[in-house]
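The residues of the chain are indexed from 1 along the displayed sequence. Values below: all heavy atoms of this structure, side chains included; hydrogens, waters and symmetry mates excluded. Quantities reported herein were computed from a predicted structural model and do not represent experimental measurements.
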Amino acid sequence: MTFSEAFKIMRRYVWLIIAAAVIAGVFGYYFSARQTKVYQSSITILVGQNQGLAENLNLTTALQEVANSMSKMIVSRTVAEKVVGDLGLQTSPDAVMGAISAQPVQQTQLIDVTVTDTDPVEAAAIANGVGNAFSELIQTTESSRSGLTAQVWQGAGIPGAPVRPTPTRNAILAVLMGLGLGIGIAFLLDRFDTRWRSNDEVEETLGLPILGVIPQMTNETLSETSRY
């Protein structure tokens, strides 16, 4: 099939393609807007050795490796249980642990901690609670004897907007999917449609010229013919 033939098919069923795109877009926006809003709040933890930022290159490299290990310790049941206890949350430590993600900032002594929750206020409270709980736990472990510290460098604020759902983006994606579906249905309908709609289409299909055309007979035409 040439591009010209494909274009003719899409033009013939343009109403179907547009309808599929519009319907998909409306449904995509509607269902996306009805989903529960999810918020994220973040803190930054600084890993140091009593004095905070290290000036010695070897020490800095060592602390960066420590930060990498500590990022895995933050997402732990021990931290989650302390957060639940400190904040008096009516949720399980497993749920809190599932809401936390920690990622070391490459080539720094910093760790970004993000908390996801359906309540923006609670997301910020848990994020700050994680920072405080982890800092206290580090101070009470064996590593504190070597002077390692984990301090909240930047606290969490209450997020103003949810990170998901995103109705507009989902509606655009739905429109694109609707366009694809509409085009697919158009080609499918054309595949099973054996009608010829024009003289050119007949000549093109048969490869023969048309010698004559029988006009469509209507009741009025038949009445006129019967007079003769």
Side-chain angles (χ1 to χ4, degrees), residues 1-42 44 68 71 75 98-108 110 112-120 123 157-228:
M1 178 180 293
T2 64
F3 177 79
S4 176
E5 292 172 336
F7 180 75
K8 286 181 181 178
I9 294 173
M10 289 190 287
R11 189 174 63 179
R12 184 181 305 154
Y13 292 99
V14 64
W15 58 271
L16 172 65
I17 297 172
I18 293 176
V22 171
I23 292 173
V26 170
F27 274 93
Y29 186 91
Y30 176 76
F31 286 109
S32 179
R34 289 177 60 85
Q35 291 179 347
T36 304
K37 295 180 180 178
V38 176
Y39 299 84
Q40 283 186 341
S41 191
S42 302
T44 301
N68 188 45
S71 65
V75 188
I100 303 171
S101 64
Q103 186 70 33
V105 181
Q106 294 299 317
Q107 298 182 339
T108 71
L110 302 174
D112 285 336
V113 180
T114 301
V115 173
T116 303
D117 198 284
T118 56
D119 185 340
I158 300 174
V163 293
R164 60 179 187 273
T166 52
T168 303
R169 186 186 67 177
N170 291 342
I172 293 173
L173 292 175
V175 167
L176 295 177
M177 292 177 62
L179 280 175
L181 179 63
I183 292 173
I185 294 175
F187 278 92
L188 188 64
L189 291 175
D190 183 78
R191 174 68 178 80
F192 292 100
D193 188 357
T194 57
R195 292 177 297 174
W196 290 329
R197 294 179 176 78
S198 66
N199 298 339
D200 294 339
E201 202 170 308
V202 175
E203 290 181 342
E204 184 179 347
T205 305
L206 299 179
L208 297 172
I210 295 177
L211 301 178
V213 177
I214 301 175
Q216 185 175 2
M217 303 299 289
T218 62
N219 292 334
E220 185 178 348
T221 305
L222 291 172
S223 298
E224 289 291 332
T225 305
S226 63
R227 296 179 182 177
Y228 304 97

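- Looking at heavy atoms from C-beta onward, Asp190 lies in side-chain contact with Tyr13 at the 4.5 angstrom threshold.
- Summarising the geometry, atom CD1 belonging to Ile9 is positioned 11.0 Å from atom CZ belonging to Arg191; distances are rounded to the nearest 0.5 Å.
- Scanning both residues, Gly28 and Ala174, for their nearest heavy atoms gives CA-CB, 4.0 Å.
- Among all heavy-atom pairs drawn from Gly178 and Ala24, the shortest one is CA-CB, 3.8 Å.
- Here the CG-CZ distance, from Leu189 to Arg12, works out to 10.5 Å after rounding to the nearest 0.5 Å.
- Between Asn68 and Pro104, the shortest heavy-atom contact is OD1-CG, 3.4 Å.
- Here Leu181 contributes atom CG and Ile185 contributes atom CD1; the two are 4.0 Å apart, rounded to the nearest 0.5 Å.
- The heavy-atom pair separating Ala102 from Val75 by the smallest distance is N-CG2, 3.9 Å.
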Chi angles and distances behind the side-chain contact (heavy atoms from CB on, under 4.5 Å) call for Ile183, Met10
CA-CA 7 Å; Ile183 292 173; Met10 289 190 287; 4.0 Å; yes

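- Between the CG atom of Asp119 and the OG1 atom of Thr36 there is a distance of 12.5 Å, given to the nearest 0.5 Å.
- Between the Thr108 side chain and the Leu110 main chain, a donor and an acceptor come within less than 3.5 Å of each other.
- Smallest separation of non-hydrogen atoms from Ala123 and Asp117: CB-CB, 3.7 Å.
- Summarising the geometry, atom CZ belonging to Arg34 is positioned 13.0 Å from atom NZ belonging to Lys37; distances are rounded to the nearest 0.5 Å.
- Put simply, the side chain of Thr114 never gets that close to the backbone of Ser42: no donor and acceptor are under 3.5 Å apart.
- Within a 6.0 Å radius of CE in Met177, no more than 12 heavy atoms belonging to other residues, nucleotides or ligands are found.
- Between Thr44 and Val113, the closest side-chain pair of non-hydrogen atoms is not below 4.5 Å.
- In terms of the ring-ring contact (aromatic ring centres under 6.0 Å, His included) criterion, residue partners of Phe31 (sequence neighbours excluded) are, by chain and number, Phe27.
- Residue-environment remark: OH (Tyr29) stays at or below the threshold of 12 foreign heavy atoms within 6.0 Å.
- Expressed to the nearest 0.5 Å, how far OG of Ser32 lies from CZ of Arg169 amounts to 8.5 Å.
- Taking all atoms of both residues into account, the shortest heavy-atom contact from Pro165 to Gln35 is CB-OE1, 3.5 Å.
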